[in-house]
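Structure first, then comments.
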Amino acid sequence: MTTSSSRVSSSGVATFDVPATVTGASDARRFTGTTLATWGQHGDSADDAQLVVYELVANALLHTESTPELTLRLTGSRLRVEVVDESAVLPSKRAGGGDGGWGLRLVESLAVRWGAEPDGAGKRVWCELDLARADEGARAVAG
């Protein structure tokens with residue numbers, strides 16, 4: 001049985017060793033929601049962050065044979081999400097269709113910016129979310 005470990009600091013940094021199981025992406029999503037709540041982040045912005053984490057972790061689990069590490073860094077209203085895995089193959093957006101291809105497009109639509117870079121023998125896929133912008137947009141729509 002694979003166990004995961006996590007570390008959450010009050011200074012706005014949290015890490016989670018994602019288990020390479022069928023529930024790994026969901027576990028990472030729950031960890032993100034709990035962590036953001038601990039840091040006082042709620043609402044649509046926290047929902048967006050959980051969705052982005054799920055997509056990035058699911059990609060790492062689907063396309064690699066490693067156990068990814070998730071890092072969340074909160075600075076003011078900016079959240080940086082990083083997923084590190086052991087595959088050197090950088091992700092690329094592809095046309096969405098019945099067999100997938102929507103994940104990075106979704107990340108791109110929710111994030112202020114995103115990218116991928118080599119990290120040791122593997123890679124780091126990251127994105128940044130403006131949590132205040134997401135909640136302001138939701139308030140404007142609600143009227």
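What's counted below: heavy atoms across the whole structure, side chains too, no hydrogens, waters or symmetry copies. From a predicted model like this one, the values you see are computed outputs, not experimental measurements.
Follow the hydrophobic side-chain contacts under 4.5 Å out from Val84 and you never reach Phe31; the two are in separate clusters. In this structure, Leu129 is a member of the same hydrophobic cluster as Leu74, with clusters built from ILVMFWY side-chain heavy atoms closer than 4.5 Å.
Classification of Lys123 and Glu117 as a salt-bridged pair fails, no side-chain N sitting under 4.0 Å from a carboxylate O. Residues Glu69 and Arg7 are paired through a salt bridge, judged by an N-O separation under 4.0 Å between the basic side chain and the carboxylate.
Scanning all heavy atoms of the two residues, the minimum distance from Ala121 to Ala88 falls at O-CB, 3.6 Å. Here the closest heavy-atom approach between residue Leu90 and residue Pro118 is recorded as CD2-N, 4.2 Å. Scanning all heavy atoms of the two residues, the minimum distance from Leu61 to Ala25 falls at CD1-N, 3.6 Å. Residues Ser66 and Ala20 share a closest heavy-atom pair of O-CB, 4.1 Å. Contact between Ser9 and Ser11 at its shortest, heavy atoms only, is OG-OG, 2.8 Å.
Contact annotation: the side chain of Leu104 approaches that of Leu56 to within less than 4.5 Å [non-hydrogen atoms, C-beta and beyond]. Asp27 places a side-chain heavy atom less than 4.5 Å from the side chain of Pro19. Counting only heavy atoms from C-beta outward, the side chains of Trp126 and Val81 never approach each other to under 4.5 Å. Using a 4.5 Å heavy-atom threshold, the side chains of Leu36 and Leu79 count as touching. Side-chain atoms of Gln50 and Val52, non-hydrogen and from C-beta on, never get closer than 4.5 Å to each other. Counting heavy atoms from C-beta on, the side chains of Leu72 and Val53 come closer than 4.5 Å. For the pair Val18/Thr67, no side-chain contact is recorded, criterion being any heavy-atom separation below 4.5 Å from C-beta on. Within the 4.5 Å cutoff, the side chain of Phe16 has no heavy atoms near those of the Val57 side chain.
Put simply, CD on Glu82 and CZ on Arg124 are 4.5 Å apart, with the number rounded to the nearest 0.5 Å. A distance of 9.5 Å separates CG in Leu110 from CD in Glu55, rounded to the nearest 0.5 Å. Taking OG of Ser77 as the start and CD of Gln41 as the end, the distance is 8.0 Å to the nearest 0.5 Å. If you take CZ on Arg29 and OG1 on Thr23, they are separated by 14.0 Å, rounding to the nearest 0.5 Å. A distance of 12.0 Å separates CG in Asp85 from CG in Leu70, rounded to the nearest 0.5 Å.
At most 12 non-hydrogen atoms from other residues, nucleotides or ligands lie less than 6.0 angstrom from CD of Glu65. Within a 6.0 Å radius of OH in Tyr54, no more than 12 heavy atoms belonging to other residues, nucleotides or ligands are found.
With hydrogens and angles ignored, the 3.5 Å screen pairs a side-chain donor or acceptor of Ser109 with a backbone N or O of Leu106. Between the side chain of Trp39 and the backbone N or O of Val13, no donor-acceptor pair lies under 3.5 Å.
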